[in-house]
Peer 1: 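What follows is a single structure, and I will ask about it in a moment.
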Number of protein chains: 2
Amino acid sequence: MPDPTAIPRRPLRRASILRAAIHLADSDGLDAVSMRGLAQILDVVPMALYRHVADKEDLIDGMVEEILAELPAIAPMRPTDWREAVRAHVHAARELVTRHAWARRALETRTTRTPAVLAHMERLTQVFLRAGFSTDLTHHVMHLLGNRIWGFSPELFDESATVLPGNPPAAEPTGSGNDAPGGKVTLEVILDGVSRLRRAKWRSDAGMPPPSPRGGAPREHQSARE
Amino acid sequence: MPDPTAIPRRPLRRASILRAAIHLADSDGLDAVSMRGLAQILDVVPMALYRHVADKEDLIDGMVEEILAELPAIAPMRPTDWREAVRAHVHAARELVTRHAWARRALETRTTRTPAVLAHMERLTQVFLRAGFSTDLTHHVMHLLGNRIWGFSPELFDESATVLPGNPPAAEPTGSGNDAPGGKVTLEVILDGVSRLRRAKWRSDAGMPPPSPRGGAPREHQSARE
DNA sequence: GCCGTTCGGTGTACGGAGTACACATAATGA
DNA sequence: TCATTATGTGTACTCCGTACACCGAACGGC
């Protein structure tokens, strides 16, 4: 019979490892998460972790899964409110990756799509399908949204770099409807585009100029010449 | 006087290091590029490289700079042909990152914006400015394009993952106007949206719903209700 | 032509990473 | 009670980036 006064053995389960790793990444960044460092924090020898995670990849996969579980459930709304639904999902994701700054890089480098990742995408997909989007359009809309479904836009250039020497300081356009961390404005623009596509019953196999390499602009894309 | 028959000392310049690194990355992936491995290929001791690159970061920066130099010059076109100009630039970039598969990850992880990176962005920016876009709109358009200016769309989900268990195999919508490697269709959709924004004289400080957290959809974004 | 300087390659070494493998110990269930 | 299974330990290997001291060869001024 186990001695009840003794520490109850605290069996170092996967979840605690993941939580410790997440905590570590939150405070010290993803690079600070090493098997050795993590083990030390958990007061355990590095190899002990391998009873619970396959390897470091798996650890990070697990971390991502774990935080994605924090995503609040978005109450389903009327299908016609798809815009608002998308906003809600994206907003929740943005909050999440803001809370866990490392998640951005983690998400981007993940190769295996874990269930929670797929689930989020699936929820978004369903929003469109329920709103009556064709699977074709839905598919493309998801592409259109891209990483923005995670609340971040491609940060390859984040302000400050877009001013070129000799130009006026570009008069930061982010005046009222700020676009700063992930592109709220941008999302709206995309949603506008999307609803237009839908109304136009857009299909991917129509309206594309034939693969002619250049040509004299055979016809503008959809309608909208310039 | 140096013996002309002797190998002329081949001084292992920076450029040759970068070329070797690029070649290595092309064939074996970015992870295969290690200072030690690279040195071995160049038949030199690892530390020799450090006379030419500050550290590995700098090496990869250099690799990116080097391949970006491959970007062909796009002849300036009439400002009204801005769509075609954007296509040309993006297409060139896509070719590039296709030729060098590692470039995608390299670009994404770069923190310091090197001249060649800025140059590409600058060329794109100029296309819009010359076409009469306001700096405000241009700025947002660049955000809208995001990583697509490098010819790739956020690959977080690349087909095959978007089918959920129980659904039909989603009937790959990429029939004729294929969207496969980077989103040609998507680019067109965005360009359509962009030209519409321009015609509407869109400004970032108008049309955004106030930062009300949820609210009863105070007014739709631009026009386009639903 | 001599000679200091500077440039570029060498050798050694350190600390940290991930993790394979054999082992020990603690929990479990028959 | 004892065998089985789960879990933590210890040791060791390989690979990584890179600091530092050294050394030969090229070079520029005299």
Side-chain angles (χ1 to χ4, degrees), chain A residues 1-25 27-64 102 105-106 109-112, chain B residues 1-25 27-64 102 105-106 109-112:
Chain A
M1 194 237 236
D3 176 3
T5 71
I7 311 142
R9 162 93 165 70
R10 193 93 70 90
L12 208 250
R13 39 170 137 279
R14 191 170 212 266
S16 22
I17 293 181
L18 296 183
R19 264 188 288 108
I22 290 169
H23 188 78
L24 180 56
S27 53
D28 292 16
L30 194 54
D31 289 332
V33 178
S34 72
M35 300 303 274
R36 298 174 116 100
L38 190 53
Q40 192 160 8
I41 287 175
L42 292 164
D43 198 40
V44 107
V45 93
M47 287 310 291
L49 304 180
Y50 286 87
R51 298 288 178 193
H52 305 274
V53 298
D55 52 17
K56 198 179 177 182
E57 267 302 275
D58 184 41
L59 171 72
I60 302 199
D61 279 350
M63 292 169 65
V64 170
W102 51 272
R105 233 187 65 208
T109 57
R110 251 17 27 213
T111 61
T112 62
Chain B
M1 195 237 238
D3 176 4
T5 71
I7 311 143
R9 164 97 164 63
R10 193 91 69 93
L12 210 251
R13 37 167 148 279
R14 190 172 213 263
S16 23
I17 294 181
L18 295 183
R19 263 187 290 110
I22 290 169
H23 188 77
L24 180 56
S27 53
D28 292 16
L30 194 54
D31 289 332
V33 177
S34 71
M35 299 303 274
R36 297 174 116 100
L38 191 53
Q40 192 161 10
I41 287 176
L42 292 164
D43 198 40
V44 108
V45 93
M47 286 311 291
L49 305 179
Y50 286 87
R51 298 288 179 194
H52 305 275
V53 298
D55 52 19
K56 198 180 177 180
E57 265 305 274
D58 185 41
L59 172 72
I60 302 197
D61 278 351
M63 292 169 65
V64 170
W102 51 272
R105 231 185 68 208
T109 57
R110 247 28 15 219
T111 62
T112 61

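Not measured: the values here are computed from a predicted model. Order of the sequence lines fixes the chain letters, A, B, ..., with proteins taken first and strands second; residue numbering starts at 1 for each chain.
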Peer 1: Can you check the A:Glu57 CD to C:dT19 C1' distance for me, whole Å?
Peer 2: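 Result: 14 Å.
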
Peer 1: Rounded to the nearest 0.5 Å, how far does CG of B:Leu24 lie from CD of B:Gln40?
Peer 2: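 If we round to the nearest 0.5 Å, B:Gln40:CD and B:Leu24:CG are 11.0 Å apart.
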
Peer 1: Taking atom P of D:dG8 as reference, at what distance in whole Å does atom CZ of A:Arg14 sit?
Peer 2: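 Atom-to-atom, A:Arg14 to D:dG8, this comes out as 14 Å.
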
Peer 1: In the structure I gave you, are the side-chain heavy atoms of A:Thr112 and A:Glu57 within less than 4.5 Å of one another anywhere?
Peer 2: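 A side-chain contact is absent here, since even the closest heavy-atom pair is not under 4.5 Å.
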
Peer 1: B:Tyr50 has an atom OH; how far is it from atom P of D:dC20, in whole Å?
Peer 2: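 Rounded to whole Å, this separation is 13 Å.
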
Peer 1: At a cut-off of 3.5 Å, list every protein nitrogen or oxygen paired with a nitrogen or oxygen from nucleotides 10-17 of chain C, distance to 0.1 Å.
Peer 2:
from	atom 1	to	atom 2	distance (Å)
C:dT10	OP2	B:Val45	N	2.9
C:dA17	OP1	A:Ser34	OG	3.2
C:dA17	N7	A:Arg36	NH1	3.3

Peer 1: Whole angstroms only, please: what is the CG-P distance between B:Leu59 and D:dC16?
Peer 2: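 Computing the B:Leu59:CG to D:dC16:P distance gives 14 Å.
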
Peer 1: Within this structure, what is the CD1-to-C1' distance between B:Ile17 and D:dG17, rounded to whole angstrom?
Peer 2: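 After rounding, the gap between these two atoms is 15 Å.
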
Peer 1: Just to verify, which of A:Leu38, A:Ile22, A:Val44 counts as forming a side chain to side chain contact (heavy atoms under 4.5 Å, CB included) with A:Ile17?
Peer 2: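 Going through A:Leu38, A:Ile22, A:Val44 one by one, the side chain to side chain contact (heavy atoms under 4.5 Å, CB included) with A:Ile17 is satisfied by A:Leu38 alone.
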
Peer 1: Can you tell me how far CG of B:Leu49 sits from CG of B:Asp55, rounded to the nearest 0.5 angstrom?
Peer 2: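 So the CG of B:Asp55 and the CG of B:Leu49 are separated by 12.0 Å.
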
Peer 1: B:His52 side chain N/O closer than 4.0 Å to the phosphate oxygens (OP1, OP2) of C:dC7?
Peer 2: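 Answer no for this pair, as no side-chain N or O of B:His52 is under 4.0 Å from OP1 or OP2.
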
Peer 1: Can you tell me how far C1' of D:dC15 sits from CG of B:Leu38, to the nearest Å?
Peer 2: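 Atom CG in B:Leu38 sits about 15 Å away from atom C1' in D:dC15.
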
Peer 1: Could you tell me whether A:Arg105 and A:Asp31 make a salt bridge, using a distance below 4.0 angstrom between a side-chain N and a carboxylate O?
Peer 2: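 A salt bridge links A:Arg105 with A:Asp31.
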
Peer 1: With B:Asp61, which of B:Arg110, B:Lys56, B:Arg14 fulfils salt bridge (Lys or Arg N to Asp or Glu O under 4.0 Å)?
Peer 2: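 The residue from B:Arg110, B:Lys56, B:Arg14 that satisfies salt bridge (Lys or Arg N to Asp or Glu O under 4.0 Å) with B:Asp61 turns out to be B:Arg110.
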
